[in-house]
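Reviewing the structure listed below.
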Amino acid sequence: MHTPADLDLPDVNTPVAAVAELASAGQSTTADRRITVGLIVNPIAGMGGRVGLKGTDGAGVLEEAKRRGARPLSSERALQALIRLADSNSPFHLVTGSGELGEDVARAAGLEPIVVYRTRSGRSLPEDTRNAARAMLRASVDLLLFAGGDGTARDVLGMVNDRVPILGIPTGVKMYSAVFGTTPESAGHLASRFIADAASLRLREAEVMDIDEAAIRNDQVSTRLYGYARSPYERHLVQNAKAGSGPGENATLDAASRQIVREMHAGCLYIIGPGTTTRRVMSALGLPSTLLGVDAVLNGVRVGADLNEREILQLMEGREARIIVGVLGGHGSLFGRGNQQISAEILRRTGADNIIVITTVEKLLSLEAGCLRVDTGEAEVDAMLSGYRRVHTGPDRSVFFKVTS
């Protein structure tokens, strides 16, 4: 057992009693002071991904996601991180919000959290993320672990600034910020290392970025840097922020795209992933594209635009299918960041040998981790995609590059 039992606080926004219990549980002296980890779970983060909504910012978008059959994923992925955290050999305290804001998943992982913030309605609301972060700041947490996407990172940073290190469990849609673990397990492992030896673990200034979701739905990209957070860093456990293409790469990508088009097979369904790189493939076909959505092409004709997971699966029925994707610059993601419409089930049916990756040598060389990443949410599919895979870097040019989960 790592943490004291839950507290029944009389005031949802006053964690004074919890802070007092932390002191009585062993935090009162410097010699035996335990690390205190704060946990916030955004229960709706990521719901818009597979249904093609690019996020869940705004009540109207959330309702549309539900109408399309979206289901919550955040708690499942948070649990993967917390199971790693629960295996820590070092004692620690865990403080969190009530119910789906963190308490439920913490208990499911075998932890006994202290609740320092209770939702007034019994259900988590958007402002509860910010209120919980403020409560954890008052509770003097040493690390704030949150499950969500870029919007959640923005909310947390806005409350704690640089006063508390933060670390993200990736459960959102975009996750372009540099505060996220490469996978939920990586985030849990890094938090466990922080607990074991916070003094020696490097903290870096990590970018918190977000994209205007309303602009994305109008096929426009509007990215903003919201600030820098202090965040634990271990090269292979955290991602870097998204980066754009460098100068001089456009002609190479155009030529590589034209070659991919020349080699397309009749009768084969091509699933075209989001981004400016794959947009060049559509341009070479003479077709319009959805910049941050998934399109489908059959025999030179666009047969689907801005597709969700269900629509892609329907188009795949009875057909050979191939997937064309680019590399998300900065952190090298292939699947799991901004293209959740191409789900683990779609990847399983397509097969690893039918995935065409296109990028530039410059973008590969800029990847600090020296590998590409997959985080589909299913370990079996991640394993299928891992290993050395062919990456098209120009006309008649390709390299074999390491892919890892």
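For this chain, numbers begin at 1 and follow the sequence in order. Basis for what follows: all heavy atoms, side chains included, without hydrogens, waters or symmetry-related copies.
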**Item:** Pairwise ring-ring contact (aromatic ring centres under 6.0 Å, His included) hits with a residue in residues 143-167, at least two apart
**Value:** Phe146-Phe180

**Prompt:** side-chain hydrogen bond (donor to acceptor under 3.5 Å, both in side chains) with Ser257: which residues, sequence neighbours excluded?
**Reply:** none

**Request:** Go through the structure and list residues passing side-chain hydrogen bond (donor to acceptor under 3.5 Å, both in side chains) with Thr152, not counting sequence neighbours.
**Result:** Asn42

**Item:** Under the salt bridge (Lys or Arg N to Asp or Glu O under 4.0 Å) test, residues paired with Glu205 that sit two or more places apart
**Value:** none

**Request:** Return the set of residues passing salt bridge (Lys or Arg N to Asp or Glu O under 4.0 Å) with Asp162 (not counting sequence neighbours), or none when no residue passes.
**Result:** none

Please tabulate, one pair per line, all N/O donor-acceptor pairs under 3.5 Å involving side-chain atoms of residues 291-298, not counting sequence neighbours.
| residue | atom | partner | partner atom | Å |
| --- | --- | --- | --- | --- |
| Asp295 | OD1 | Thr290 | OG1 | 2.8 |
| Asp295 | OD1 | Asp306 | N | 2.9 |
| Asp295 | OD2 | Thr290 | N | 2.7 |

**Request:** Name all residues meeting the side-chain hydrogen bond (donor to acceptor under 3.5 Å, both in side chains) criterion together with Glu317; count only those two or more places apart in sequence or in a different chain, and write none if there are none.
**Result:** Arg349

**Request:** Could you tell me which residues satisfy side-chain contact (heavy atoms from CB on, under 4.5 Å) with Leu225, sequence neighbours excluded, listed by chain and number?
**Result:** Glu207, Met209, Tyr228

**Fill in**
Residues passing the side-chain hydrogen bond (donor to acceptor under 3.5 Å, both in side chains) test with Arg390, sequence neighbours excluded, are Ser398

**Request:** Provide the full list of ring-ring contact (aromatic ring centres under 6.0 Å, His included) pairs with a residue in residues 298-321, sequence neighbours left out, each pair given once.
**Result:** none

**Message:** Filter on salt bridge (Lys or Arg N to Asp or Glu O under 4.0 Å), then keep only pairs touching residues 191-204, sequence neighbours left out; what's left?
**Reply:** Arg193-Glu234

**Request:** Please identify each residue that fulfils salt bridge (Lys or Arg N to Asp or Glu O under 4.0 Å) with Asp155, with sequence neighbours left out.
**Result:** Arg130

